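What you are looking at is a predicted structure, and each value in this text was computed from that prediction instead of being measured.
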Amino acid sequence: MIEIRKPDKRAMEEAADRWNHIAKPLHGLGVLEDVIIKIAGMTGSADVNLDQKAVVVMCADNGVVDEGVSQTGREVTAAVTRNFTVGNASVCIMARRAGAEVVPVDIGVADSLEGCGRVYPLQSCKIMAGTRNFAREEAMTEAEARAAVAVGIGQVKRLKERGCRIIATGEMGIGNTTTSSALVSVLLGKEVRAVTGRGAGLSDESLERKVQVIEKAIALHRPNWQDPMDVLKKLGGLDIAGLAGVFLGGAMYGIPVVVDGFISAAAALTAERMCPGCADYMLASHVSAEPAGAMVLTALGLKPVIQAGMCLGEGTGAVAALPLFQMAADVYSQMSTFQENSIQEYQEFSHA
């Protein structure tokens, strides 16, 4: 049983008080002020430091790709994973600007990844060579799903020991919007059609096929919505399981974890259902363009800081939010107070 402490209320109160005395309009930075207060609660200190950042990218293949639910084949998963290791992927380019380390994790890529680059060394944690096709059989055994969750927790522990202060989440796995839609449909009790989008780009015909594949899989396996591990092993992916572990690890080790897009949010929802309260250690980056993107963030009680119609994946949305969080932390820690400037403070007024 994972034990999670409640966020430190005193640290949050101190952080809120600090914001109220900084020489600027009250709540002028909006959600960004809430983020800093929340981080204070997560870490147990009103001294918020985000200097060391990382993005953990879980890479895995999905057997359901065999059903024609994606525009590209599974070989793309391995190709993009290799690109992560040489620093030549969208998230890598963005992470360099954001000052974040990229941590690619092979948790279930079907192809061999020997001889990968060394710019961002690959973490070899392969549970299996991709999940099974959930249209025909359960995606994973419970042991395999739990092992994947443990990989994510282990990555957080390793990064915290190295001084990392905030972790963004990313993924790479062709077909993983299908697994995410299946999970979210069950966990939120929504119709499959309402939570299923075009992913990286599907025709109307292919989208319809994707919906039908998910509906048939749910009818076949009858996952128990009250048992998130049952849902995960039957319909999930290794990348999602690994990311669920990252979110759980953030709550265990008191480190903020940033939700990326729809796949990352599906993992976050899974983690919260596994261990209620771990959403207190999550931060939302953006609202995915996928139909259920906003639904999942609402279910988690998270407010995004970016609305840009992003749907690239890889952790790009989460990494895009890191500089915003850093700028807010800089204002919070460096700006002078009203008293130091001999200026009368703003007053808080309630509105009817």
Side-chain angles (χ1 to χ4, degrees), residues 1-9 11-12 15-16 30-44 48 50 55-56 58 149 152-153 155-157 159-160 165-171 180 183-190 195 225-229 231-232 236 239-288 290 292-306 315 317-318 321-322 324-325 328:
M1 182 69 177
I2 295 173
E3 291 189 13
I4 297 174
R5 67 169 176 80
K6 290 283 188 183
D8 190 313
K9 193 172 181 180
M12 295 174 74
V31 175
L32 293 175
E33 295 189 20
D34 298 335
V35 164
I36 300 304
I37 293 168
K38 192 171 180 180
I39 290 173
M42 296 175 189
T43 60
V48 175
L50 302 179
V55 51
V56 175
M58 292 288 175
V149 171
I153 294 172
Q155 288 298 317
V156 176
K157 183 175 186 291
L159 287 168
K160 173 136 190 203
R165 302 282 189 154
I166 187 168
I167 297 173
T169 52
E171 39 61 41
S180 298
L183 284 171
V184 169
S185 173
V186 175
L187 292 176
L188 291 186
K190 301 286 186 181
V195 299
W225 68 272
Q226 294 176 306
D227 181 352
M229 184 57 70
V231 183
L232 182 62
D239 50 355
I240 296 173
L243 287 179
V246 173
F247 288 113
L248 291 170
M252 290 169 64
Y253 296 110
I255 184 166
V257 180
V258 186
V259 181
D260 182 39
F262 178 51
I263 294 104
S264 172
L269 179 64
T270 303
E272 171 63 17
R273 294 296 174 85
M274 286 179 176
C275 192
C278 75
D280 289 335
Y281 292 81
M282 302 175 190
L283 303 171
S285 59
H286 73 114
V287 182
S288 169
E290 284 287 295
M295 290 183 206
V296 180
L297 294 184
T298 298
L300 290 168
L302 301 178
K303 295 180 181 179
V305 297
I306 299 171
L322 292 179
L324 292 173
F325 296 157

Hey, what do you get for [atom1] ([X]) to [atom2] ([Y]), rounding to the nearest 0.5 Å?
X: M12; Y: I36; atom1: CE; atom2: CD1; value: 12.0 Å
X: K6; Y: D280; atom1: NZ; atom2: CG; value: 6.0 Å
X: Y281; Y: L248; atom1: OH; atom2: CG; value: 12.5 Å
X: L187; Y: W225; atom1: CG; atom2: CH2; value: 9.5 Å
X: T270; Y: I240; atom1: OG1; atom2: CD1; value: 6.5 Å

Kindly give the heavy-atom pair with the smallest separation between [X] and [Y], and that separation in Å.
X: P256; Y: R165; result: CD-O, 3.3 Å
X: L302; Y: A279; result: CD2-O, 4.0 Å
X: A11; Y: A40; result: CB-O, 3.5 Å
X: A251; Y: I4; result: CB-CD1, 3.5 Å
X: M58; Y: L243; result: CG-CD2, 3.7 Å
X: P304; Y: V287; result: CG-CG2, 3.3 Å

With a 4.5 Å limit on heavy-atom distance, are the side chains of [X] and [Y] in contact?
X: L159; Y: I255; result: no
X: L283; Y: V305; result: no
X: V195; Y: L188; result: no
X: V35; Y: L324; result: no
X: M295; Y: V184; result: no

Has [X] got a side-chain atom pairing as donor or acceptor with [Y]'s backbone, closer than 3.5 angstrom?
X: R5; Y: M42; value: yes
X: K160; Y: Y253; value: yes
X: E272; Y: C278; value: yes
X: K38; Y: M282; value: yes

By side-chain hydrogen bond (donor to acceptor under 3.5 Å, both in side chains), which residues pair with Q155, not counting sequence neighbours?
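Listed in chain order: R158.
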With sequence neighbours excluded, residues passing side-chain hydrogen bond (donor to acceptor under 3.5 Å, both in side chains) with K157
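So K157 forms a side-chain hydrogen bond (donor to acceptor under 3.5 Å, both in side chains) with E161.
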Run the side chain to side chain contact (heavy atoms under 4.5 Å, CB included) test on V231 and R273 for me, step by step, so that the C-alpha distance in whole Å, both residues' side-chain angles and the decisive distance to 0.1 Å come before the verdict.
CA-CA 11 Å; V231 183; R273 294 296 174 85; over 6 Å; no
Please tabulate, for side-chain N and O atoms in residues 259-269, each donor-acceptor pair with protein atoms closer than 3.5 Å (sequence neighbours left out).
unit_1	atom_1	unit_2	atom_2	d
D260	OD1	G317	N	2.9
D260	OD1	A318	N	2.9
D260	OD2	G315	N	3.2
S264	OG	T169	OG1	2.7
S264	OG	D260	N	3.0

